[in-house]
Amino acid sequence: MNVAVAKTGGGRAVSDLFASAEGRLPGSPEVIAARREAFESYERLGLPHRRIEEWKYTDLRALVGEVLPLAAIPDAGALKRAAEAVKAHAIEGARKVVLVDGVFAADLSDVRALAPEAGFKTLRETLEKDAGLLKTASADAVIALNAAMATDGVVLSIADGAQLSAPIQIIHIATAASASAFTRSRVAIGKGARATIVETFVAAEAKAYQVNDAVIVSVGDNADVAHIRLMDDAPDAVNITSQFITVGANTKLNLFSMTSGAAVSRLQGFITLAGEGSELSVNGVNLLKKTEHGDTTLVVDHAVPNCVSRETFRAVIDDRAHSVFQGRIIVRPDAQKTDGKMMTRALLLSDEAEADNKPELEIFADDVSCGHGATAGALDDSLLFYLKARGLPEKQAQALLIQAFVGEAIEQIADDGLREHVIGMAERWLERRS
């Protein structure tokens with residue numbers, strides 16, 4: 001593959017990544033052309049910076065500087081470490097699909113158990129015939145870089161009317177230090193289907209790595225779907241995840257995300273309500289400490305009438321950490337009877353903690369009910385005093401109040417086992433804090 005020379009914010013030639021990874025980037029000639037086009041787009045744009053409005057609070061040129069080399073194909077040692085991570089982070093009863101350093105790990109996955117309920121392919125297999133998965137409508141630089149460099153991913157198809165008996169858990173495991181992994185997945189959920197998809201990001205002894213992930217989800221009419229993203233990467237890692245979700249008619253979609261790791265993270269979601277009568281619930285929690293930077297940026301596009309959306313976000317910020325929430329609700333001219341609400345709250349645990357909340361409404365219809373709100377503040381001193389007066393140490397009293405604060409978002413997870421799993425992650429973060 002012939003490519004031009006591009007620079008990251010720190011000056012490294014991104015073309016070096018292509019040169020060293022050329023033999024590992026799968027695809028037909030059509031796919032190679034799509035990769036080149038994506039790379040050229042990234043070359044023009046470079047890493048996002050604060051002068052780009054959507055990245056105003058997350059300047060990757062300052063926070064990250066450069067794109068790290070592609071991680072090597074995992075060897076036996078890496079797979080052994082990954083297996084231990086799977087044991088530690090697998091959800092009981094879930095069907096596992098495991099990606100190690102951006103590469104599908106068949107021996108760690110439950111593909112045979114998936115077969116009766118869901119179709120499965122790897123991105124590598126799909127790209128040998130079809131370049132469609134590398135194309136999105138976004139002009140975002142990190143998405144273009146993902147399209148150019150994606151080495152593998154998961155392609156799931158759930159048939160019309162399917163009722164999954166267990167969640168599907170996609171586990172992204174980093175084992176390589178000072179390296180990057182690029183993955184791209186697609187999940188197609190049929191009409192009338194019922195499914196729960198969980199994505200988990202963790203480290204297996206890796207440090208200072210970068211993850212650039214993209215997932216494309218389509219949900220058919222009359223479906224009932226939950227998609228949960230749990231990010232617990234290493235404290236010095238970078239994780240940028242992009243979601244593209246299209247929702248059909250009369251569908252219930254529940255999205256949840258929790259960030260409790262990584263030095264720099266950003267979840268950017270682009271959700272389109274494309275069928276009438278659908279209900280969307282989006283909930284999230286950022287748990288940040290030290291100098292961590294966590295960004296959640298969402299665009300919910302009401303493209304048709306008679307849909308409901310609810311967004312509830314909570315951020316707990318300690319030390320000198322920085323939380324960002326940017327939420328935009330768009331109501332198209334024909335999307336009458338839209339009901340859209342958005343609320344974000346930040347809890348600041350230190351004088352140096354920082355929260356930027358930017359809710360937005362873009363309404364082009366006149367018969368709608370939409371609203372947004374944002375708050376930031378410290379723990380209630382009177383409640384802390386009450387708990388300490390009854391013998392609780394200060395950290396334990398704080399932990400109880402923090403659990404109550406994030407509980408409103410976590411309680412939206414319908415599955416009891418998954419909800420308990422997420423509560424356990426939050427409790428472990430609180431333990432590390434103390």
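Numbering starts at 1 and runs along the sequence shown.
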Run the side chain to side chain contact (heavy atoms under 4.5 Å, CB included) check on Gln403 and Glu427 step by step: do they pass?
CA-CA 8 Å; Gln403 285 175 312; Glu427 289 175 344; 3.2 Å; yes
Just by distance, do the side chain of [X] and the backbone of [Y] share a donor-acceptor pair under 3.5 Å?
| X | Y | answer |
| --- | --- | --- |
| Gln169 | His89 | yes |
| Gln326 | Glu360 | no |
| Thr122 | Val154 | no |
| Asp319 | Ala321 | no |
| Ser109 | Val111 | no |
| Asn283 | Glu311 | no |
| Gln163 | Gly161 | yes |
| Thr251 | Asn222 | yes |
| Arg186 | Ile216 | no |
| Thr259 | Gly294 | no |

Locate the shortest heavy-atom distance separating [X] from [Y]; write the atom from each residue and the value.
| X | Y | result |
| --- | --- | --- |
| Ile168 | Ala118 | CD1-CB, 4.2 Å |
| Ala78 | Thr175 | CB-OG1, 3.3 Å |
| Asp130 | Gly132 | OD1-N, 2.8 Å |
| Thr375 | Asn357 | O-ND2, 3.6 Å |
| Gln268 | Val142 | NE2-CG2, 3.6 Å |
| Leu68 | Ala179 | CD1-N, 3.7 Å |

Atom CD of Gln412 with >12 non-hydrogen neighbours under 6.0 angstrom:
yes
Just checking Lys341: does its NZ atom have more than 12 heavy atoms from other residues, nucleotides or ligands closer to it than 6.0 angstrom?
yes
Walk me through whether Leu230 and His421 qualify under side chain to side chain contact (heavy atoms under 4.5 Å, CB included).
CA-CA 10 Å; Leu230 305 174; His421 180 85; 3.7 Å; yes
Taking the inter-plane angle between the rings of Phe313 and Phe325 on a 0 to 90° scale, is it parallel (under 30°), tilted (30 to 60°) or perpendicular (over 60°)?
tilted
Parallel, tilted or perpendicular, judged at 30° and 60°: which one describes the rings of His322 and His293?
perpendicular
Evaluate Lys121 against Glu128 for salt bridge (Lys or Arg N to Asp or Glu O under 4.0 Å), listing each step before the verdict.
CA-CA 12 Å; Lys121 289 183 179 180; Glu128 293 302 330; over 6 Å; no
What salt bridge (Lys or Arg N to Asp or Glu O under 4.0 Å) pairs are there with at least one residue in [range], not counting sequence neighbours?
| range | answer |
| --- | --- |
| residues 83-102 | Glu84-Lys87, Lys96-Asp110 |
| residues 212-241 | Arg194-Asp224, Asp232-Arg432 |
| residues 258-268 | Arg266-Asp295 |

Decide yes or no for [X] and [Y]: does some side-chain heavy atom of the first lie under 4.5 Å from some side-chain heavy atom of the second?
| X | Y | result |
| --- | --- | --- |
| His302 | Arg332 | no |
| Asp318 | Glu292 | no |
| Pro26 | Arg35 | yes |
| Leu267 | Gln243 | yes |
| Val282 | Ile271 | yes |
| Trp429 | Val406 | no |
| Thr344 | Met342 | no |
| Glu408 | Thr312 | yes |

Atom pair [atom1]/[atom2] of [X] and [Y] - distance to nearest 0.5 Å:
| X | Y | atom1 | atom2 | answer |
| --- | --- | --- | --- | --- |
| Ile228 | Ile170 | CD1 | CD1 | 12.5 Å |
| Leu133 | Arg184 | CG | CZ | 7.5 Å |
| Ile330 | Glu362 | CD1 | CD | 5.0 Å |
| Ser309 | Leu253 | OG | CG | 11.0 Å |
| Ile410 | Met258 | CD1 | CE | 5.5 Å |
| Ile402 | Leu287 | CD1 | CG | 8.5 Å |

Within 45° of the six-membered ring axis of Phe405 and under 6.0 Å from that ring's centre, is NZ or CZ of Arg345 located there?
no
Steps toward salt bridge (Lys or Arg N to Asp or Glu O under 4.0 Å) verdict (Arg310, Asp339):
CA-CA 8 Å; Arg310 293 290 184 269; Asp339 182 356; 3.0 Å; yes
Test side chain to side chain contact (heavy atoms under 4.5 Å, CB included) applied to Asn212 and Val67, step by step
CA-CA 10 Å; Asn212 184 330; Val67 179; over 6 Å; no
Please evaluate residues Tyr42 and Ile143 with respect to the criterion side chain to side chain contact (heavy atoms under 4.5 Å, CB included), reporting the C-alpha separation (whole Å), side-chain torsions for both, the decisive distance (0.1 Å), and the verdict.
CA-CA 9 Å; Tyr42 175 77; Ile143 297 170; over 6 Å; no
In terms of side-chain heavy atoms, does Glu54 have a donor or acceptor partner in Thr297 at a distance below 3.5 Å?
no
Can you see whether Glu199 engages His172 through a side-chain donor-acceptor pair at a distance of less than 3.5 angstrom?
yes
